[in-house]
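Input: a single structure, listed below in structure tokens.
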Number of protein chains: 2
Amino acid sequence: MLKNKVKELRARHSYSQIHLAALTGVTRQTIGFIEKGEFSPSVTLALKLSQHLQVTVDELFWLEEEKN
Amino acid sequence: MLKNKVKELRARHSYSQIHLAALTGVTRQTIGFIEKGEFSPSVTLALKLSQHLQVTVDELFWLEEEKN
DNA sequence: ACATTATGTTATGTTTACCTTACATTTTAA
DNA sequence: TTAAAATGTAAGGTAAACATAACATAATGT
């Protein structure tokens with residue numbers, strides 16, 4: 001399953017969901033869903049998020065084993 | 001716009017579209033569409049592709065300026 | 001030359017990312 | 001303490017990712 005540290009890095013930058021959403025061109029709900037791990041964003045959005053959070057996509061998102 | 005070097009790296013590994021598709025759990029048409037740049041895959045698929053092509057997501061995919 | 005495998009491409013269908021709206025709750029700041 | 005800002009969440013809609021199927025052409029091997 002897909003994991004990420006968007007919430008953690010967003011906090012580190014003191015960005016609100018609204019601000020990060022504006023920076024990346026999506027709504028704050030989309031940011032919220034991604035932080036909750038409710039869906040897998042497009043690689044385009046992943047790239048934009050990683051740029052604004054100043055990490056690589058591979059640092060921001062990774063795949064983990066399913067635990068049943 | 002989103003660019004990638006899936007086709008180039010797939011060739012370097014001598015993988016057919018069918019083989020890479022099987023490795024990543026999608027159809028060969030999906031691989032074909034991605035190589036043509038016709039859509040932006042999910043970051044989950046991007047991660048799987050990058051693992052099998054042995055590069056990072058950031059090396060495989062990047063954003064470029066629109067020309068007009 | 002022929003068979004096989006790989007690729008290009010198009011059409012139709014399903015699933016899911018993402019949007020809009022809305023309201024409730026939590027957190028922050030005056 | 002009260003208003004404002006931020007967050008959680010849910011319903012319903014649209015668009016795009018991805019599937020399936022089909023057929024044509026190109027490339028590869030015998």
Side-chain angles (χ1 to χ4, degrees):
Chain A
M1 76 174 308
L2 183 68
K3 301 280 197 159
N4 75 79
K5 42 178 155 175
V6 171
K7 187 167 191 169
E8 173 188 341
L9 288 175
R10 179 174 61 77
R12 194 170 303 170
H13 286 259
S14 302
Y15 289 163
S16 67
Q17 290 184 342
I18 292 175
H19 185 64
L20 184 57
L23 287 175
T24 55
V26 296
T27 64
R28 73 174 181 84
Q29 283 84 344
T30 293
I31 301 296
F33 279 131
I34 291 170
E35 290 184 352
K36 279 186 66 189
E38 299 219 349
F39 58 61
S40 177
S42 69
V43 72
T44 296
L45 177 50
L47 282 163
K48 289 178 184 171
L49 288 168
S50 72
Q51 289 173 357
H52 288 103
L53 296 176
Q54 303 184 58
V55 289
T56 63
V57 169
D58 300 78
E59 286 173 288
L60 237 201
F61 294 93
W62 65 94
L63 294 172
E64 261 184 28
E65 295 306 315
E66 290 290 349
K67 35 198 54 173
N68 296 8
Chain B
M1 75 172 313
L2 183 67
K3 300 280 196 160
N4 75 79
K5 42 178 154 175
V6 171
K7 187 168 191 168
E8 173 189 339
L9 288 174
R10 179 174 62 76
R12 193 171 304 170
H13 286 260
S14 302
Y15 290 162
S16 66
Q17 290 184 341
I18 292 175
H19 185 65
L20 185 57
L23 287 175
T24 55
V26 295
T27 63
R28 76 172 178 85
Q29 284 85 343
T30 293
I31 302 297
F33 279 133
I34 292 169
E35 290 184 353
K36 278 185 68 188
E38 298 219 349
F39 58 60
S40 176
S42 68
V43 70
T44 295
L45 178 50
L47 282 163
K48 290 178 184 170
L49 288 168
S50 72
Q51 289 173 358
H52 288 104
L53 296 175
Q54 303 184 58
V55 289
T56 64
V57 169
D58 301 77
E59 287 173 288
L60 238 200
F61 293 93
W62 64 95
L63 295 171
E64 260 184 30
E65 296 305 315
E66 292 290 349
K67 34 199 58 172
N68 300 5

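Quick note on labels: first sequence line is chain A, next is B, and so on, each numbered from 1. If you're wondering where the values come from, they're calculated on a predicted model, not measured in any experiment. Computation of the quantities below employed the complete heavy-atom set of this structure, encompassing side-chain atoms and omitting hydrogens, waters and symmetry-equivalent molecules.
- The two residues A:Gln17 and A:Arg28 have their closest heavy-atom pair at OE1-O, 3.9 Å.
- End-to-end axis angle of the helix from C:dA1-D:dT30 to C:dA30-D:dT1, using five pairs per end and rounding to 10°, comes to 60°.
- Annotation: side chain of B:Phe61 is not in contact with side chain of A:Thr44 (no heavy-atom distance under 4.5 Å).
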For the pair B:Leu45 and B:Thr30, evaluate side-chain contact (heavy atoms from CB on, under 4.5 Å) and give the outcome as yes or no after the intermediate values.
-> CA-CA 10 Å; B:Leu45 178 50; B:Thr30 293; 4.1 Å; yes
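- One finds the CG atom of A:Leu60 at 9.5 Å from the CD atom of A:Glu8 (value rounded to the nearest 0.5 Å).
- A distance of 10.0 Å separates CE in A:Met1 from CG in A:Leu63, rounded to the nearest 0.5 Å.
- Listed by residue number, A:Lys7, A:Arg10 are the residues of residues 6-15 of chain A with a heavy-atom contact under 4.0 Å to DNA chain D.
- Rounded to an integer number of Å, the gap from A:Leu2 CG to D:dA17 P is 17 Å.
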Might you work through the side-chain contact (heavy atoms from CB on, under 4.5 Å) test for B:Ser40 and A:Val43, ending with a clear yes or no?
-> CA-CA 6 Å; B:Ser40 176; A:Val43 72; 3.5 Å; yes
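- Straight-line distance from the CG atom of A:Leu45 to the C1' atom of C:dA17: 10 Å, rounded to whole Å.
- One hydrophobic cluster, built from ILVMFWY side chains closer than 4.5 Å, cannot hold both A:Leu9 and A:Trp62; they sit in different ones.
- Residues from residues 18-40 of chain B placing a heavy atom under 4.0 Å of any atom in DNA chain D, listed by number, are B:Gly25, B:Val26, B:Thr27, B:Arg28, B:Gln29, B:Thr30, B:Phe39, B:Ser40.
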Test log, rule side-chain contact (heavy atoms from CB on, under 4.5 Å), inputs A:Val26 and A:Leu20 = CA-CA 8 Å; A:Val26 296; A:Leu20 184 57; over 6 Å; no
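- Here D:dA17 presents its P atom at 17 Å from NZ of B:Lys48, a figure rounded to the nearest Å.
- Put simply, the side chain of B:His19 does not reach to within 4.5 Å of the side chain of B:His13, judged on heavy atoms.
- In terms of hydrophobic clustering, with Ile, Leu, Val, Met, Phe, Trp and Tyr side chains grouped at heavy-atom distances under 4.5 Å, B:Leu23 and B:Ile18 are assigned to different clusters.
- Within the structure, a side-chain polar atom (N or O) of A:Gln17 is placed less than 4.0 Å from OP1 or OP2 of D:dG8.
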